[in-house]
Amino acid sequence: MVDPQVVLAERVQRALAAAFGPEYADADPLIRPSQFADFQANVALSLAKRLRRAPRDVAQALVEHLDVAGVCANVEISGPGFVNLALSDEWIAAQAATMRDDESLGVERRAPQTVVVDYSAPNAAKEMHVGHLRTTIVGDALARVHEYLGDNVIRQNHLGDWGTPFGMLMEHLLDIGEEEALRRLAAGDGNAFYQEARAKFDSDPAFEERARRRVPLLQGGDPESMRLWHEFIEHTKRYFNRVYAQLGVTLTDEHIAGESMYNPWLADVCDELERTGVAVLSEGALCVFPPGFTGRDDKPLPLIIRKSDGGYGYATTDMAAIRYRVRDLKADRILYVVGATQALHFQMIFAAARMAGWLPDDVQAEHVQIGNVLGSDGKLFRTRSGKSIKLTELLDEAVERAEAVLADRDYDAETRAQIARQVGMGAVKYADLSVSHDSEYVFDFDRMLALTGNTGPYLQYATARIRSIFRKGGLDPEQAKGRIVPSEPAERALALTLLGFPAVVEKVAEASEPHRLCAYLFDLAQAFTGFYESCPVLTAEDEAVRESRLALSALTLRVLLQGLNLLGIEVPERM
Ligand code: ARG
């Protein structure tokens, strides 16, 4: 492990165990960046009470047992009991060399897990909306990060492609005419299509009657009804795929595991749960009552898996899905990247699955809650007319606006179009990723496209700037493999930031928090700016210093590119 904070934490924990006993081995050593050294350990202050000793005494005992030979150049107690830790130049140089020579930039192989990532999951009966955009972007980043760590990632796009609304949708399709209806669906007109069908259903009893009769035909597998449904889904998928391609998201048709896929198993799911006593009949409906969930009046809250009319719902499908993911896909961990409003649903699904024995203790299921995207009015992001936004148009607008931002650059038309696409998509994706996934944020083109601040374009620009240094020197960053010996404070700060990369990637996977990687990359770009402002690179007089600075710059470029790649953000060579 090249990360100094991780290495120091381990050493301090060992010293705690040696000084105070093994029960102290997992105390948090509280390693923090320090003003007076590289890092400081604040654990002596936090342990003083538990040990009934003065913090400075604790610090003293800790330091006596601390083995940091070869890592630190200096260890000092300061103030009430801080332990200041100054790394040795040689150690930093050696870690930087390890990272530079390692294909995966110091990220260590661990036992691979099978990680199922459930994300995107738009509804075929409605338009894909901006909330689905965010689960798509966050889920894709998480899938990429796990793959980078060597996990076996299984993407699952849990499309809303089944259920009673398809009765009225099929009838509406027949009314409009198959050809025209399918054309509209492929063009992304699903929402309007749905609304028209709904309006007729609510106002026209004959239509309502037809729609109701269509439902059992679909559920019974009537060939003509199934043919229409297939066409409907196929054409809707074309639109989803266009959005995915536009965004550069890794989802393809092979990852589709929509609600309809589970249809054949729903009866069995209910049978098994009823047979094992996990589900019981309540007012005619088959329900699971997971302990600890209560509604109004403290009454136990049901997870309804079969309605009293015999119909299955969203929860039934998710019970079938979780059983399939554990039993058949052999998941060690399942991430549900879905809107925060569904929190209760997933808590109940996980609890019910644990009751049923379908989700063993050693399999982790977690809801990665996605917060709302708001408009400048603070309400859910929609167009001015109140209709939801068509995603292809929104993404096109991002690209157009990116072109305007780059207007003063003298590229040829083709290059300009390509860069604008990368910058536009990078801006949209980074805006989704850089705030913690469960908080809301305001969708604001001007802010996300800014070339300064914590934005996608700023980071893309940072890579272009490093490339231009090498171009100016007639050099290739891939050849800049000199020995990194940081001496100036800004060089040291940059090197230490670089060494933090592997630990951040691991943390992103562990906590399912891509915004940590964004924050890290932003820090890194700023550390590079600080370095570049105070340390001449191409014009450094000493040959060894120049080599070292070129190697530092090249490593920064690699880490930025790798980090952005993990976020799913493409990077133009120039900007
Ligand atoms: N289609 C659902 C929606 O748009 C999301 C599905 C999420 N995944 C799941 N396994 N329930 O709200």
Side-chain angles (χ1 to χ4, degrees), residues 115-140 142-143 153-166 169 188 190-191 193-195 232-233 236-237 239-240 243-244 249 251 255-263 265-266 269 288 303-305 312-329 331 333-353 356 358-359 363-373 380-382 388-391 432 437-438 512:
V115 183
V116 169
V117 191
D118 176 328
Y119 69 106
S120 193
N123 300 315
K126 295 185 192 161
E127 223 229 309
M128 193 177 181
H129 60 74
V130 68
H132 291 119
L133 194 63
R134 197 167 176 202
T135 88
T136 305
I137 290 167
V138 172
D140 209 49
L142 291 174
V153 173
I154 305 179
R155 294 165 172 78
Q156 295 281 281
N157 192 349
H158 194 91
L159 284 190
D161 63 354
W162 194 244
T164 47
F166 281 90
L169 291 167
N191 210 23
F193 189 92
Y194 176 86
Q195 281 161 357
F232 183 101
I233 298 298
T236 305
K237 277 194 318 205
Y239 173 66
F240 295 157
V243 174
Y244 296 150
V249 155
L251 280 176
H255 305 120
I256 291 179
E259 293 180 17
S260 63
M261 184 180 104
Y262 300 98
N263 195 38
W265 302 326
L266 301 183
V269 160
V288 182
L303 181 75
I304 300 174
I305 54 172
Y312 305 118
Y314 190 55
T316 327
T317 310
D318 260 323
M319 288 304 289
I322 202 163
R323 187 177 72 166
Y324 166 75
R325 289 166 184 184
V326 176
R327 230 184 244 181
D328 300 288
L329 299 180
R333 192 171 167 190
I334 315 173
L335 307 181
Y336 290 82
V337 189
V338 187
T341 50
Q342 296 187 32
L344 181 62
H345 167 75
F346 285 112
Q347 282 165 20
M348 294 186 79
I349 291 287
F350 300 162
W358 295 355
L359 185 62
V363 179
Q364 218 180 315
E366 51 190 285
H367 178 198
V368 180
Q369 302 189 18
I370 300 300
N372 287 330
V373 181
L380 272 190
F381 188 54
R382 297 181 197 282
S388 69
I389 292 188
K390 208 179 234 186
L391 290 187
D432 265 344
H437 58 70
D438 54 352
S512 302

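Atoms within a ligand are numbered from 1 in the order they appear, just like the ligands themselves.
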ask   = In ligand 1, which numbered atoms sit nearer than 4.0 Å to a non-hydrogen atom of Y336?
value = 10 (N)
task = Quick one: look at T317 and ligand 1, take heavy-atom pairs under 4.0 Å, and tell me if it's side chain, backbone, both or neither.
result = neither
key: Ring-ring centroid check H345 Y336, cutoff 6.0 Å   = no
query = Do V338 and V368 pass the side-chain contact (heavy atoms from CB on, under 4.5 Å) test, and can you show the C-alpha distance, the side-chain angles, and the key distance before you say yes or no?
reply = CA-CA 6 Å; V338 187; V368 180; over 6 Å; no
query = Under 3.5 Å, is there a donor-acceptor pair between the Y244 and S120 side chains?
reply = yes
request  = Starting from the C-alpha separation in whole Å, work towards a yes-or-no answer on salt bridge (Lys or Arg N to Asp or Glu O under 4.0 Å) for R323 and D328.
outcome  = CA-CA 8 Å; R323 187 177 72 166; D328 300 288; over 6 Å; no
query = What atoms of ligand 1 come within less than 4.0 Å of a heavy atom belonging to H132?
reply = 3 (C), 4 (O)
message = Can you give me the closest heavy-atom contact between G371 and R134, atom names plus distance?
response = O-NH1, 2.7 Å
key: Interfacing atoms of ligand 1 (cut-off 4.0 Å, heavy-atom, F346)   = 9 (C), 11 (N)
key: Within-cut-off N or O pair, D118 and ligand 1, under 3.5 Å   = yes
key: Minimum-distance pair of heavy atoms, taken over all atoms of D432 and V138   = O-CG2, 4.2 Å
ask   = Are R333 and S512 linked by a side-chain donor-acceptor pair shorter than 3.5 Å?
value = yes
remark   = for atom 12 (O) of ligand 1, nearest protein heavy atom and its distance come out as Q342 NE2, 2.8 Å
ask   = Quick one: does E259 get an N or O within less than 3.5 Å of an N or O on ligand 1?
value = no
query = Backbone, side chain, both or neither: what part of H345 comes under 4.0 angstrom of ligand 1, heavy atoms only?
reply = neither
query = Do ligand 1 and A121 have nitrogen or oxygen atoms that lie under 3.5 Å from each other?
reply = yes
ask   = By number and element, which atoms of ligand 1 are closer than 4.0 Å to a non-hydrogen atom of V338?
value = 7 (C), 8 (N)
key: CA sep, side-chain torsions, deciding dist, call: H255, Y119, ring-ring contact (aromatic ring centres under 6.0 Å, His included)   = CA-CA 10 Å; H255 305 120; Y119 69 106; 8.0 Å; no
task = Just jot down the ligand 1 atoms closer than 4.0 angstrom to any heavy atom of N123, in number order.
result = 1 (N), 2 (C), 3 (C), 4 (O)
key: Nearest protein heavy atom with distance in Å, relative to atom 5 (C) of ligand 1   = Y314 OH, 3.5 Å
